[in-house]
Amino acid sequence: MRLILLGPPGSGKGTQSNLLQDKFGIPKISTGDILRASVKDGTELGKKAKRFMDKGELVPDEVVICLIKERIVEPDCEAGYILDGFPRTIVQAEKLEETLAEMGQDIDSVIDLVVDRKELLIRLSGRRTCKNCGAMFHQTSHLPKVAGVCDACGGPLYQRPDDNEETIVKRLEVYSKETAPLREFYRKRGKLKTIQGRGGMDVIFAQLCKMVS
Ligand code: ADP
Ligand code: ZN
């Protein structure tokens, strides 16, 4: 099973793809996570990517396309994978389609998580992320058991540098302009499925599972 999770920043792609990964035993591939790991490791790629990420801009297409091409040929991807945060531009979607065709593969479904802007702003500005495992919490709606500590792994929680108001607004703008057109791209290919991303994550996950299996 090969899935793409579409949806704006804060729509819950990360949360839902973690749940899918556990349920179906296929890896979640998040370009955001891969890029953040490179930033943390201080690699050349990380240094280059950080400049774009901190401003809420997209990292250049050729960089992320290259990352994805390397990742989907790993042995753990044989039974499928969940793409979270890729593709994010039409160019990325076209390249992915081309690469998969060469491999004799195709995407099964593209899930669009729909959440209104007001809710996205609340979610992102209060978000706290585990530095260690990427688990997500929220200042008011989903507090960890111990303040500042991840429930899942005990790692420290932090506010992502791009989760500040100014950068959030920029990321939402970039989403509308660059990524939202992918809905039409995948609708034309009969792959687009829409889910209302408001409500409990378990309810959304149940709907998602019904849609893909
Ligand atoms: P979110 O969806 O909450 O904005 P991500 O972790 O998916 O967060 O992405 C964080 C940042 O990483 C993006 O704002 C962008 O700078 C960069 N990034 C991630 N995926 C891509 C991609 N496919 N193309 C370009 N840039 C990307
Ligand atoms: Zn953690």
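Atoms within a ligand are numbered from 1 in the order they appear, just like the ligands themselves. These numbers come from the heavy atoms of this one structure, side chains and all, not from hydrogens, waters or symmetry mates.
Not one N or O on the side chain of His138 forms a donor-acceptor pair closer than 3.5 Å with the backbone of Ser125. The main-chain N or O of Lys95 is found under 3.5 Å from a side-chain atom of Thr99 such that the two form a donor-acceptor pair. The backbone N or O of Val39 lies less than 3.5 Å from no partner atom in the side chain of Thr43, so there is not a single donor-acceptor pair. In this structure, Thr179 contributes its side chain and Arg88 its backbone to a donor-acceptor pair below 3.5 Å.
Looking at atom 12 (O) of ligand 1, its nearest protein heavy atom turns out to be Met53 CE, 3.5 Å. What sits closest to atom 16 (O) of ligand 1 on the protein, heavy atoms only, is Glu57 O, 2.6 Å. For atom 9 (O) of ligand 1, the closest non-hydrogen atom on the protein side is Arg88 NH2, 3.5 Å. Atom 3 (O) of ligand 1 has its closest protein heavy atom at Arg171 NH2, 2.9 Å. Scanning the protein heavy atoms around atom 8 (O) of ligand 1, the nearest turns out to be Arg160 NH2, 3.1 Å. The protein atom (non-hydrogen) at minimum distance from atom 18 (N) of ligand 1 is Leu35 CD1, 3.5 Å. At the top of the distance list for atom 20 (N) of ligand 1, counting protein heavy atoms only, stands Thr31 OG1, 2.8 Å.
Contact check on Arg128 versus Asp163 returns no salt bridge, with no Lys/Arg side-chain nitrogen under 4.0 Å from an Asp/Glu carboxylate oxygen. No salt bridge links Arg171 with Glu57; every basic N to acidic carboxylate O contact stays at or beyond 4.0 Å. Salt-bridge check for Glu119 with Arg123: passed, with a basic side-chain N closer than 4.0 Å to an acidic carboxylate O. Ion pairing between a basic and an acidic side chain is recognised when a charged N comes within 4.0 Å of a carboxylate O; Asp41 and Lys47 show no such pairing. Salt bridge status for Asp162 with Arg160: present, with a side-chain N to carboxylate O gap under 4.0 Å.
Near Gln92, meaning under 4.0 Å from any of its heavy atoms, are these atoms of ligand 1: 22 (C), 23 (N), 24 (N), 25 (C). Near Gly32, with a cut-off below 4.0 Å to any heavy atom, the atoms of ligand 1 are 5 (P), 6 (O), 9 (O), 19 (C), 20 (N). The distance from ligand 1 to the heavy atoms of Arg127 drops below 4.0 Å at these ligand atoms: 3 (O).
Counting only residues at least two apart or on different chains, no ring pair (Phe, Tyr, Trp, His ring centres under 6.0 Å) pair has a member in residues 169-213.
The proximity of Leu58 to ligand 1, defined as any non-hydrogen pair under 4.0 Å, involves the side chain as well as the backbone.
The set of protein atoms (N, O or S) found at less than 2.8 Å from the Zn ion (ligand 2) reads Cys130 SG, Cys133 SG, Cys150 SG, Cys153 SG, by chain and number.
Among the atoms of Gly85, some N or O lies under 3.5 angstrom from an N or O of ligand 1. An N or O contact shorter than 3.5 Å links Arg36 to ligand 1 by distance. Between Val59 and ligand 1, a contact under 3.5 Å exists for at least one N or O pair.
In the model, Lys191 has no side-chain atom that pairs as donor or acceptor with a side-chain atom of Ser109 under 3.5 Å. Arg2 and Gln105 are linked by a side-chain donor-acceptor pair at a separation below 3.5 angstrom, with hydrogens and angles left out of the test.
For Lys55, the closest heavy-atom approach to ligand 1 does not fall below 4.0 Å.
In this structure, OG on Ser11 lies 8.0 Å from CG on Asp112, to the nearest 0.5 angstrom.
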